[in-house]
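Ligands are counted one by one from 1 in listed order, and the atoms in each one are counted from 1 as well. When a residue number appears, it is its place in the shown sequence, counting from 1.
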Amino acid sequence: MTTQSLHCLDYDTLRASDSTHLWVHYLAEAVRLGVAADQVIIGICHSNGTLQELASVLAPGEEQCLHATDLFVHIGEPAAAELRQSDDLAQTKSEVQQQVLPCPMLLIREALPGGSEVVLVAARKPGRDAFSAGHTQLAQALARVLCARPTFDELPLLLHVRLLTQIAQVGGSNPDLNFTLRFALRELARYCPGCWASVWLHESREGPSLQLTAYSDPPWKTGRCTALLHTNKASSSSVQLPTTTCLLVRETPLVTALEKRQIVYWERLAEQSWDVLRQWAALGFHAAAAIPLFVGQEKVGVLLLLSKRSVGFTRNELHLAATIAELLGPIIACHRLTGQLSQAYEQLQRAQQQLVNAEKMRALGELASGMAHDFNNALCGTLGFIELALREPQLPAAVEELLRMARTCALDAAATVRRVQDFARWERGLQNAEIVLVNDLVRQVVELTRPRWHNAARAGSRIIDVQLDLQSQAHVMANPSELREVLTNIILNAVDAMPQGGKITITTQDEENYVAVHVRDTGMGMTPEVQQRVFEPFFTTKKERGTGLGLSISYAIIKRHGGDISVESELGRGSTFTIRLPVVRQDPTPVPSNGSALACPKHRASLRILVVDDEPHVVSFLRQSLLHLGHQPQTFQDPEQALDDLRRNCYDLVISDLSMPKVDGLELASACAQIAPQVPVVLLTGWGEQLRQGDSLPAAVRYVLNKPITIQQLEQVLHHFASDHGS
Ligand code: ADP
């Protein structure tokens, strides 16, 4: 909202409540039209020398140019007498003489009862004709009409009310506190000629102090006159503002005013003991008033007024300033509260966004988990039967070729399912973890990816510079190959994001209980929408070149490590991926893995094997495979029946699914250990059935195999047992 529009609003309000102000305004307009002026100002010059603007009207399209302070310059004795004594006014006067003289001007002064007078100034732009004697007579006649108005004396009070209303309106409708303060101070300074007004806000962060926040134009500035003349001269540039005297004050008279909760008023500044008061005196000020700003008991700040007039401030001026201060206290407090509220709201929104993201990832994980489970079981059967078919000795060459192609497709599908499985596994704990030095991992990955970014440079197509700033000394508990996969994904994405070349900077830093790895690129960056979705599975902007799985798997891996991964990016400016991992502080001792490394068999033996899986086609595949490999399987879909059978018969090995409805694989293995302690157990895990980090495996479990399994894997494991059995 502009000041101009506020004036209009205000006139409307006044029209309803009191016509006097409007009347002065219309009279000024009548003078402007009657004498063909570009601007007319009407004011009262009080007997104590203060001048108050009552109305200022402009020709359509012209900027406001003359101001109450400027009138002093034109009305001469006695009102301007004090200001004339100051050097600033001398400068102002000469400026005005230089600049205003070519500007036709008309000045009327009419005495009012009680010693004050009405001042009317009409001005035309430079180059226009001077006002004629007839114009002067007309203006004089209208000024006399003005003085004869009976309610004229009420005008100052009305104007004060108008000012307070305007400040309240601006404060209530504008979110920018500085705008409101500047507006209030500028208007206050208009009512107190020769005055510089400022607001100092109370800060209590490091002990009580006051910070200069807003101030009015310096009183010596005649920029509005120069605006009328269409010159760009900045007349205040050579003048030192009192702001430089103390931007942050702890031990000053202002703090005293705030502590005492009283208006403090100083005259003869040059004779005061405070340094800062004498500094203000040196700048040409004679009097100062500090008015504390409060809301309830809370200290808000100080309104400071400095006056160039040796008589200082009138009682009316101080009264107006104090009333404005009473209004500003709550306005400032209200803005502060709004600021705190919007800060809290932003924090809440961020937290909410994080929750939504976490929930989105969890839901995606669940969905992926369900699908991968079914796919895995289907693939387990498909792959197993294809492999069995391939072992048929009489297979025609063409059919064998078709089966091999089908096998390749099934293996590819299994690999994809495993990657999806990797994404949703993030809540299910870390496997094959060991203690690693983060910096070592970073160096390894930089070397591993070197062909991708270095070859591009050698081919001359683009130059990619990789810089390391590895300050961390931290160890983390991690699955090194998984972490390498994450860093590789991020680096290769950065390379993709810099088709014209650029720089990748990798830094590591220790942060309390975490180590942070930042990978920053100078690539194309991302839009906020892309940034929101990068960790979603299958989200890619690379069309058929991308799978959209790299970052979702990275997300899962980092979550599995108890860490966090985030991205900051700006379109056209690059991206920064940050990984935070919890630090381990003990000595690096390798943690034993789950035992998937398989030993080579020494010699074979036919094993009696109890097979338990609730999926019929998995049972069928296992049965046929085991028979094919020369073993003696006994299969069950119901674990309880299987255990009954174990009680009655001898077996060399149990192969069991991990996840089954009635009795799960771990319970079955524990029961096996009691029924037949010497019989080892092999667990098969399907989608979403990984063992949790804290799960303790029953002693009977020797191997954990991930579905889908190939016949070779099965053969390797069985050879191992067969050799144990045979030896
Ligand atoms: P893919 O690389 O197969 O697309 P990712 O999951 O690794 O899958 O990445 C998902 C998407 O995230 C990318 O398609 C790309 O839009 C965006 N992305 C990832 N890293 C960057 C990067 N450094 N700069 C710009 N965009 C990136």
Worksheet item: Given L492, L551, T547, D496, which one has a non-hydrogen atom that is nearest to atom 5 (P) of ligand 1?
Response: L551
Worksheet item: Looking only at atom types and distance, does a side-chain atom of E667 sit under 3.5 Å from a main-chain N or O of D664, one as donor and one as acceptor?
Response: yes
Worksheet item: Which of the atoms of ligand 1 are close to G525, meaning less than 4.0 Å from one of its heavy atoms?
Response: 25 (C)
Worksheet item: Considering only the protein, which heavy-atom contact is closest to atom 23 (N) of ligand 1, and what is its distance?
Response: D521 OD2, 2.8 Å
Worksheet, complete the sentence: Between the NE2 atom in H518 and the CD1 atom in I490, the distance rounded to the nearest 0.5 Å is 12.0 Å
Item to complete: Locate the shortest heavy-atom distance separating Q509 from S472; write the atom from each residue and the value.
Response: N-CB, 4.0 Å
Practice prompt. May I have the step-by-step check of side chain to side chain donor-acceptor pair (under 3.5 Å) for Q467 and D469, ending in yes or no?
Written response: CA-CA 7 Å; Q467 289 196 350; D469 178 13; over 6 Å; no
Practice prompt. Specify the protein heavy atom at minimum distance from atom 10 (C) of ligand 1: its residue, its atom name, and the distance to 0.1 Å.
Written response: F539 O, 3.3 Å
Discussion item. Can you report which non-hydrogen protein atom sits closest to atom 27 (C) of ligand 1, along with the distance?
Written reply: M526 CE, 3.5 Å
Discussion item. I want to confirm something. Looking only at heavy atoms, which of V534, L571, T541 is nearest to atom 12 (O) of ligand 1?
Written reply: V534
Fill in: 4.5 Å side-chain heavy-atom contact, V654 and L643
no
Response to the item:
Contact region, I490 to ligand 1, non-hydrogen atoms below 4.0 Å, reads neither
Practice prompt. Answer yes or no: is there an ion pair linking K662 with D614, defined by an N-O contact shorter than 4.0 Å?
Written response: no
Fill in: Shortest protein heavy-atom distance from atom 4 (O) of ligand 1, along with the residue and atom involved
T540 OG1, 2.5 Å
Worksheet item: Taking the side chain from S569 and the backbone from G574, do they hold a donor-acceptor pair closer than 3.5 Å?
Response: yes
Worksheet item: Nearest protein heavy-atom contact for atom 2 (O) of ligand 1: which residue, which atom, what distance?
Response: K542 NZ, 2.7 Å
Discussion item. Using a 4.0 Å cut-off to any heavy atom of G546, which atoms of ligand 1 qualify?
Written reply: 3 (O)
Worksheet item: With the threshold set at 4.0 Å, does a side-chain nitrogen-carboxylate oxygen contact exist between R404 and E401?
Response: no
Discussion item. My understanding is that we take every heavy atom of each candidate and find the minimum distance to atom 1 (P) of ligand 1. Doing that for A494, G548, G550, which one comes out nearest?
Written reply: G548
Worksheet item: Crowded around E568 CD? As in, over 12 foreign heavy atoms under 6.0 Å?
Response: no
Worksheet item: What part of F577 sits under 4.0 Å from ligand 1 if we count only heavy atoms: the side chain, the backbone, both or neither?
Response: side chain
Worksheet item: Counting each atom of ligand 1 from 1 as listed, which ones have a heavy atom of A497 under 4.0 Å away?
Response: 22 (C), 24 (N), 25 (C)
Item to complete: Could you tell me if any non-hydrogen atom of N489 lies under 4.0 Å from any atom of ligand 1?
Response: no
Item to complete: Would you check whether P537 reaches within less than 4.0 Å of ligand 1, judged by its heavy atoms?
Response: no
Worksheet item: Around E447, counting heavy atoms of other residues, nucleotides and ligands shown, do more than 12 lie under 6.0 Å from its CD?
Response: yes
Fill in: Heavy-atom nearest neighbour in the protein, as seen from atom 20 (N) of ligand 1, with distance rounded to 0.1 Å
N493 CB, 3.3 Å
